[in-house]
Every structure is written in structure tokens, then in C-alpha cells.
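Beneath this line is the structure, given in C-alpha cells, with notes to follow.
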Amino acid sequence: MSATLSLQRRQTEDYARIVDARFADDRLFIIFADGEEVQLPVEHFENPRIREQHPDWGNVRPGPHEILVPTADGDLGIPWDTIRALTDPKFSVRWAEMANLASDTLGQGVRRLRTARGLSHDELARWVNVPLDTIERLEAGTLPADLVFAARVLQAMDCTLDDLSASR
């Protein structure tokens, strides 16, 4: 019963809605509408791309479904699901499962469309201008699902996202 309640809690709007965010002692303190309070060291978000934007962690504020950090280039949004994936192990596992399923589904659809058009992996890789192993990894489901990249691949085959979903 507790697993069911836990799953139901993750399916509510309040699980995703952020009501407060603040910064102190090199940590972010975030409160969700479901009452859960989490804290994370800002180093979890430090990478070269973020550092070059000079984030002003001290002026972090909540958005409805993200925290907003002022930077030299405008607000940097860190979405609720990123925060939950870093602080809720069960959500993190479920999120990874969903990402794998998306990658597998995308890969299978691209493979069906490619083979229906009589294309080899090598031909498609040349048309998309990517290494052969990128197409192989996409079709195998080991490349993270990326709709922008998928659109490039589909365009190279003269297909659309609608064709991808129709190929199921």
C-alpha cells in the first residue's frame, strides 16, 4: 500500500510545483507544494556552460515548475524534474526508466522508417552528416532521446515526427 501511495504522490501537481527557493551556505533550499523540503549543493549544477553565465545563486527564486537563477545572460531555469531526480531516489529510477523507454521507442521507429525506405545505416549517417555509430546507437536505443536530433534524422529521410508515430 505504501508503494501505491508513494507513486500517487509523484503523480500530483503539488509534487512538481515549487513554492520557495533560497540559497545559503553554498546550498539551494527548495520547498515543493507537497510540503517536501530538499537541499542541494550548488556544485550539482556547476558545469562550464553554467559557470560562464555567472549565476547569481544568492538571488534564486521559485518559478511554478523550476527555480530561476539570474545570470549575465538572463534567467537560468532548473526544472523541477531535475531537482527531484537529484533528491528522490525512486523518482530518479523511474525517470531513468522513462528515458530508456523513450530512447528505445525512438530508435525502433527510426529503424522501421529507414528499412522501409531501403536505406543502410551508412547512407543515413552520410545524409545526416554524423558518424555511422551515431545512427547505430540511435537505433539501438543507447543514444539519449533528443527530438531536435530525431527531427534532423527524419528530415534526411523525408519524414516527419508524425511518420515516426505512424510507424509503430
Side-chain angles (χ1 to χ4, degrees), residues 1-110 128 130-131 133-154 161-162 164-165 168:
M1 184 72 159
S2 134
T4 302
L5 290 174
S6 182
L7 180 60
Q8 289 172 345
R9 181 178 73 86
R10 287 179 180 80
Q11 293 174 339
T12 67
E13 167 67 18
D14 285 352
Y15 183 78
R17 194 162 41 91
I18 297 172
V19 295
D20 193 25
R22 63 184 172 78
F23 172 80
D25 300 322
D26 291 326
R27 300 181 79 71
L28 292 171
F29 296 84
I30 301 153
I31 301 174
F32 286 89
D34 66 357
E36 186 162 356
E37 298 180 27
V38 300
Q39 55 178 292
L40 291 162
V42 293
E43 65 197 34
H44 280 288
F45 305 105
E46 290 287 331
N47 64 49
R49 186 183 65 79
I50 290 176
R51 263 195 304 279
E52 73 186 17
Q53 295 180 48
H54 307 288
D56 181 3
W57 296 108
N59 284 308
V60 65
R61 64 190 189 282
H65 294 98
E66 74 259 332
I67 60 171
L68 301 167
V69 183
T71 73
D73 299 330
D75 284 341
L76 167 69
I78 300 174
W80 73 272
D81 50 4
T82 298
I83 296 163
R84 288 294 195 177
L86 290 167
T87 59
D88 181 343
K90 289 180 182 173
F91 179 82
S92 181
V93 167
R94 180 67 180 131
W95 195 250
E97 289 169 352
M98 290 174 16
N100 288 338
L101 179 60
S103 295
D104 288 343
T105 302
L106 175 61
Q108 291 168 12
V110 167
V128 180
V130 295
D133 76 313
T134 300
I135 297 299
E136 292 170 340
R137 289 175 45 226
L138 171 67
E139 289 187 8
T142 59
L143 194 67
D146 176 342
L147 287 180
V148 172
F149 180 65
R152 275 183 52 208
V153 172
L154 293 170
L161 286 173
D162 288 337
L164 185 65
S165 39
R168 296 176 110 187

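As the structure is a prediction and not an experimental result, all values here were calculated from the model. The figures that follow rest on heavy atoms only: side chains count, while hydrogens, waters and symmetry mates do not.
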Q: Could you tell me which residues satisfy salt bridge (Lys or Arg N to Asp or Glu O under 4.0 Å) with Arg51, sequence neighbours excluded, listed by chain and number?
A: Glu46
Q | salt bridge (Lys or Arg N to Asp or Glu O under 4.0 Å) partners for Glu139, two or more places apart | A | Arg111, Arg114
Which atom names give the shortest non-hydrogen contact between [X] and [Y], and what distance separates them?
{"X": "Pro55", "Y": "Ile50", "result": "CD-O, 3.3 Å"}
{"X": "Pro62", "Y": "Val19", "result": "CG-O, 3.8 Å"}
{"X": "Leu106", "Y": "Asp146", "result": "CD2-N, 4.1 Å"}
{"X": "Glu52", "Y": "Arg49", "result": "CG-O, 3.2 Å"}

(Q) Once salt bridge (Lys or Arg N to Asp or Glu O under 4.0 Å) is applied, what residue pairs with a partner in residues 66-78 remain, sequence neighbours excluded? (A) Arg61-Asp75
Q. Salt bridge (Lys or Arg N to Asp or Glu O under 4.0 Å): which pairs involve residues 16-29, sequence neighbours left out?
A.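 Matches after skipping sequence neighbours: Asp14-Arg17.
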(Q) List the residues meeting side-chain hydrogen bond (donor to acceptor under 3.5 Å, both in side chains) with Asn59, not counting sequence neighbours, and say none if there are none. (A)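 By the side-chain hydrogen bond (donor to acceptor under 3.5 Å, both in side chains) rule, Asn59 matches Asp56.
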Q. Who are the side-chain hydrogen bond (donor to acceptor under 3.5 Å, both in side chains) partners of His65, not counting sequence neighbours?
A.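 Listed in chain order: Glu13.
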To the closest 0.5 Å, what do you measure between [atom1] ([X]) and [atom2] ([Y])?
{"X": "Phe23", "Y": "Ile30", "atom1": "CZ", "atom2": "CD1", "result": "12.0 Å"}
{"X": "Asp34", "Y": "Ile18", "atom1": "CG", "atom2": "CD1", "result": "11.0 Å"}
{"X": "Ile67", "Y": "Leu76", "atom1": "CD1", "atom2": "CG", "result": "8.0 Å"}

**Q.** Within-4.5 Å side-chain heavy-atom neighbours: Phe32 and Arg84
**A.** yes
(Q) I'd like to check the side-chain contact (heavy atoms from CB on, under 4.5 Å) partners of Thr82; sequence neighbours left out, ordered by chain and number. (A) Phe45, Ile78, Pro79, Leu86
Q | Whether Arg152 side chain and Val128 backbone form a donor-acceptor pair below 3.5 Å | A | yes
Which donor-acceptor pairs under 3.5 Å do the side chains of residues 97-104 make with protein atoms, sequence neighbours left out?
from: Asn100; atom 1: ND2; to: Ala96; atom 2: O; distance (Å): 3.4
from: Ser103; atom 1: OG; to: Ala99; atom 2: O; distance (Å): 3.2
from: Ser103; atom 1: OG; to: Leu143; atom 2: O; distance (Å): 3.2
from: Ser103; atom 1: OG; to: Ala145; atom 2: N; distance (Å): 3.1

